[in-house]
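Below is one structure, written out as structure tokens, with a few remarks after it.
Residue numbers count from 1 along this sequence. Basis for what follows: all heavy atoms, side chains included, without hydrogens, waters or symmetry-related copies. Nothing here was measured: the structure is a model prediction, and the numbers come from that model.
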Amino acid sequence: MRSSATIASIMRTRRALRMSADGLARLRERQWAALQPALQKTPALAAWAGRAPDAFPVVIPADMRRDYGAWNSLGLDHDRLCGAADAAETGSAEGAIEGLGVGWSTGTSGSRGLFIANAAERADYIGQSLARLLPLGAMLRPQRIALHLRANSNLYSDVGGRFFSFAHFPLSLPTSETRDKLAEFAPTILIAPPHHLLALADLWQRSDVERTGPRHIFFGSEPMSAAEIEWVNEAVGVRPRSIYQATEGFLGAACLEGALHLNEHSLAVELEPVDGTKGYRPVITDLRHYSQPVVRVRLDDYIEPTGETCRCGYAGRVVRPVAGRVGDIWRWGTLAVTPDAVANCVDSVVGVPAAWQAIGTARGVELRVDPKCPAGRASDAAGLLQDRLGIPVPVTLSPEPPAVSFPKRRRVMWHG
């Protein structure tokens, strides 16, 4: 794919970044009107096409997973789409659909989600991402982008050209091998899940980061605590910034000031309050996704708006980085303990990058800490959880090491 479409998306997005909140609202109204023909061709949504957004039902990703044939505007049935996604996993041409990017992504819950994107949408996705993540000057120079993913995808691989080159680094690759391949590729931009980034930074501390390290580092796919962000910054000299990405679309990104903005130049985002907390779960409508319309899809992410404006000038609402799943909030009666509160508490004692996992249940909390961590620190972390967070059930140290989950790390869980 020629890079002209990506560059056009960059310029379009940069114009939107200078709009006021009212200007963004008017832009979303125009985008909603332009989306209606695609909704008319999408079986699951056709009955509501032409109506106001709030007339559409709120759904969850599991509703879409039951029949992807009902959730696309291209007339493709469920089995064919699943076959194309399977083909993309192996790089096979058999089952692929010409001109269409189809693949699987693994949600935080572990359930696979299928995404569909045509050529124009893929170029627009890359253009929006670069415009949201990088200063204008960086986009005038060639960029080498290292993507750490579970599986490769033509969402990225066939978008590029003179200014953008992408390389896929499988998450299954040993960290030392990844480090060596990164040195060969010499990326200017690195995007990775936090657990992978922490492992790389641990190795980079003992190498020539000044010469071979990326200029920009971004994390996504799973939560990263404030202590982990600071540790990576000290280890490699680059502060990681957050990307809010889901199967359902590109939902937000941190600006150059470090503030995570929702992408309200291309999304309509409703925020549903989460009982017992000051946070919300988002209900997403992607206004620029025509092949697989996403309308009022309720996600399980727990986010907290800051209520602040940002010096960068973008009017998209500012939120704190995604803290975890709403389903992983610990609850005892009226007490709700959010995943970020747990992470900040444990990280402050056991330190970074020590691995740990905390599992809450109605009867108690089990804390699993890397055996390499001093026993005294693990014991102190268990005590601090109880004292600082007011947990009304026993907090016990487990002899079990933290479970290794692939491809996403889950440090805080609720098994109610």
So R296 and E270, salt bridge (Lys or Arg N to Asp or Glu O under 4.0 Å) or not? Walk me through it.
CA-CA 8 Å; R296 303 197 82 194; E270 305 167 61; 2.8 Å; yes

Contacts of L74 meeting side chain to side chain contact (heavy atoms under 4.5 Å, CB included) (sequence neighbours excluded), chain-then-number -> N72, L76, L100, I116, S291

Quick one: list whatever passes side chain to side chain contact (heavy atoms under 4.5 Å, CB included) with T306, sequence neighbours left out.
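Partners of T306 under the side chain to side chain contact (heavy atoms under 4.5 Å, CB included) test: E308, V318, R320.
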
With side chain to side chain donor-acceptor pair (under 3.5 Å) as the rule and sequence neighbours excluded, what pairs involving residues 385-403 come up?
E366-S398

Results of side chain to side chain donor-acceptor pair (under 3.5 Å) for D370 - residues two or more places apart only:
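Applying side chain to side chain donor-acceptor pair (under 3.5 Å) to D370 gives K372.
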
Set of residues satisfying side chain to side chain donor-acceptor pair (under 3.5 Å) with respect to E304, sequence neighbours excluded
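For E304, the residues satisfying side chain to side chain donor-acceptor pair (under 3.5 Å) (neighbours in sequence not counted) are Y302.
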
Pairs flagged by salt bridge (Lys or Arg N to Asp or Glu O under 4.0 Å) wherever [range] is involved - sequence neighbours left out:
| range | value |
| --- | --- |
| residues 240-261 | E257-R311 |
| residues 332-351 | D347-R411 |
| residues 6-24 | R12-D124 |

Sequence neighbours excluded, which residues qualify as ring-ring contact (aromatic ring centres under 6.0 Å, His included) partners of [X]?
| X | answer |
| --- | --- |
| F250 | Y125 |
| H261 | Y314 |
| H289 | none |
| Y68 | H78 |

Quick one: are H216 and L134 in side-chain contact, heavy atoms under 4.5 Å?
yes

Ring centroid separation W414 to W332 under 6.0 Å
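Between W414 and W332, the centre distance is under 6.0 Å.
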
Quick one: do R410 and E222 satisfy salt bridge (Lys or Arg N to Asp or Glu O under 4.0 Å)? Show the steps, please.
CA-CA 8 Å; R410 284 179 65 190; E222 63 193 35; over 6 Å; no

Polar side chain donor-acceptor pair, H265 to Q128, under 3.5 angstrom
yes

